[in-house]
2 protein chains.
Amino acid sequence: MTAEPGGLARIVLTASIARRYYLDGRSKVEIADEFGLSRFKVARLLDAARDSGLVRIEIRHQGEVDVDLSARLQDRYGLQHAVVLDIPDDDPASLRDHLGRAAAQLLAEVITPQDVLGLAWARAVSAMARALPPLPGTPVVQLTGAMSLPGGPDTSVDVVREVASASGGAAHVFYAPFTVPDAATARALRQQPEVARAFAHLPAVTKAVAGVGLWAPGLSVLHDALPEEDRDALARLGVCADVSGVFLSADGEPVVTELSERMIGIGAEEMRAIPEVITIPYGTAKARAVRATLRSGLVGGIVTHTALARAVLEE
Amino acid sequence: MTAEPGGLARIVLTASIARRYYLDGRSKVEIADEFGLSRFKVARLLDAARDSGLVRIEIRHQGEVDVDLSARLQDRYGLQHAVVLDIPDDDPASLRDHLGRAAAQLLAEVITPQDVLGLAWARAVSAMARALPPLPGTPVVQLTGAMSLPGGPDTSVDVVREVASASGGAAHVFYAPFTVPDAATARALRQQPEVARAFAHLPAVTKAVAGVGLWAPGLSVLHDALPEEDRDALARLGVCADVSGVFLSADGEPVVTELSERMIGIGAEEMRAIPEVITIPYGTAKARAVRATLRSGLVGGIVTHTALARAVLEE
DNA sequence: GAGCAGCGCGCTCAGATGAGCAGGAGAAGC
DNA sequence: GCTTCTCCTGCTCATCTGAGCGCGCTGCTC
């Protein structure tokens, strides 16, 4: 891309050598012998070929996975796993289904019989659970309280139960709302035997799946479910993203809020203790929230689509 | 292209490693250290990436030159130089101009002050001559007699004179027709001092430019200029191509004909003695003739367009 | 639980490779 | 014509790479 290699004869010679080297897999010495050049000359011509863009190397996959974006995302944020799907992003429901399937496949690949799976509540997590094949006897732990979602069929309890029963593992569930009006109620709920039993399994969780929301109207189920004063209070504290109820600033730092006291779900430090948390964000608008999430170090995996991945990387 | 590398995580890992190796230029050992793998594992993943088509290497040029086709043509026929232009092939005149310019550039690159240039008569050779920059004092030798062509402004004499005067070299020309009605006339003409002097320079010629015709109506100026009996006689002898008056069978073998006795121009053996003869064929219909020409070993250079190059290679 | 086949993995060493250096041809300037 | 500079070319040596070999793990059979 930088400069032209030279005259016509030189360009063609370079192309010829590049073909021999890169496509036919011959060694530079062989090529040098064949063309009557020194191997150093061959090496220089090959360098020139790459520098000038005569030889172009591209990495891509014929399936849905955009391997190059996946690799860049994984690399850029030091993730354990990243999967970026090249799919149209006009229909959120279809997007969620596709990502859910991919996340299910990824989870099935990386999970071992020793793992304990944690599931937070998010629509994408439900989609994943639906597509999940039976896992090898994996116990499943509920990470967050239930939320009543208009049009959402599954509660967090249902999702955990389904996955556990398909896998033949134990289901550690509890019936409690995600948020309550005051801290005292929350404390009381957490002390309930059922809730306490489920929470006791949190430190054992080794793999988890969560959603990501941007703290703005329509981009976080939690945000939309809260009264206006809570929304504003969190926004004033600099909350940018919520990862299934864990609040993060734009830098990825956990934000301590009064609301946390009134929630029944996993906290930032507990989430950090989980070796791999996989998130399934979608929608270009959430780019800021995803950046915050990846920077936080709380999550190790991401399954998303090209538009969002590009938006995240374009910083 | 053969098989899928494996699961999602493996594919992305492979892509990540491929990116590091091919795009960032890191060594396999560095990559192995970075990813916590052995260098052998890295090597195997890279092999798999290439085999599965995840890494694709293509060779192309942003200019008019199709470097890949050029290289393949050069390689396939063991040529000294091949230049294939990716240009529209609907208008023969424009095609000829483009190829003429490219041939001129090629010739200017490869010619040295020690070279003696020979020019046969062909429309493409005229086009090349028009585009030729001044050469370093190169003597120019006329290789073929003159032909009166409807609409063709330059005779072989004119072309040779022009090039020689632009270059400041000697012009070895002669005034004689390309074909005459009987062998005796041809012999007499060849013994004329002027003709003999020009022919005496033939063995000194080191670089030459010629056209290629397919022995069929409308595809060879020589064919069209001859009476029907000559055309048929040569066709019966298996003539497939004429390289500025040198007749070749489809195999590329020179065909000895009675007509040769009646021509004032270079012969097959004299042409073979020239270290590099550059031809400028165009028009897909001539593919057979070009194949014959390249197989003959008489020529060492070709300047043509993609459609014809592809047709020639598709054997 | 023993034996066996298949396979993934790492080690070895000859051969390939790249950075740096020295010699020589050609261009520019005096 | 001479000097100097620059670019191009080929060489050396330390490092990297790849084919082949043997080990050990896994899953299957008896």
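Since the model is a prediction, treat every value here as computed from it, not as a measurement. Here is the naming used below: chain letters follow the sequence lines, and residue numbers restart at 1 for every chain.
- What separates OH of B:Tyr21 from C1' of D:dT17 is a distance of 8 Å, to the nearest Å.
- Applying the 4.0 Å criterion to OP1 and OP2 of D:dT9, one finds that A:Ser38 has every side-chain N and O outside that range.
- For the pair B:Asp47 CG and C:dG8 P, the computed distance is 14 Å after rounding to whole Å.
- At whole-Å resolution of the value, CG in A:Leu13 and P in D:dT9 are 11 Å apart.
- Atom pair B:Ile31:CD1 and D:dC16:P shows a separation of 12 Å (rounding to whole Å applied).
- Between the C1' atom of D:dT17 and the OH atom of B:Tyr22 lies a distance of 13 Å, rounded to the nearest Å.
- Distance from the side chain of A:Lys41 is smallest to D:dT9 among C:dT17, D:dT9, D:dC16.
- A:Ser167 places a side-chain N or O within 3.5 Å of a backbone atom of A:Leu135 that can act as its donor or acceptor partner.
- Here C:dT17 is the nucleotide among D:dG10, D:dA19, C:dT17 with the atom lying nearest to any side-chain atom of A:Val29.
- Residue A:Leu45 contributes atom CG, which lies 12 Å from atom C1' of D:dC8 at whole-angstrom precision.
- A salt bridge links B:Arg20 to A:Asp75: at least one charged side-chain nitrogen sits closer than 4.0 Å to a carboxylate oxygen.
- The nearest whole Å value for the distance from the CG atom in A:Leu46 to the P atom in C:dT17 is 9 Å.
- Using a 4.0 Å cut-off between charged side-chain N and carboxylate O, B:Asp68 and A:Arg19 make a salt bridge.
- By the ring-ring contact (aromatic ring centres under 6.0 Å, His included) test, A:His172 is found to be paired with A:His201, residues two or more places apart in sequence or in another chain being considered.
- Closest approach to the B:Ser27 side chain among D:dT17, C:dT12, D:dT12 is made by D:dT17 (side chain taken as heavy atoms from C-beta onward).
- The separation between A:Phe40 atom CZ and D:dG10 atom C1' is 6 Å, rounded to whole Å.
- The side chain of B:Arg44 sits closest to C:dC9 out of C:dC9, D:dC13, D:dC11.
- One finds a salt bridge joining B:Glu58 and B:Arg56 here, because a Lys/Arg side-chain nitrogen approaches an Asp/Glu carboxylate oxygen to under 4.0 Å.
- Comparing C:dT17, C:dG10, D:dG10 by their closest approach to the side chain of A:Arg39 singles out C:dT17.
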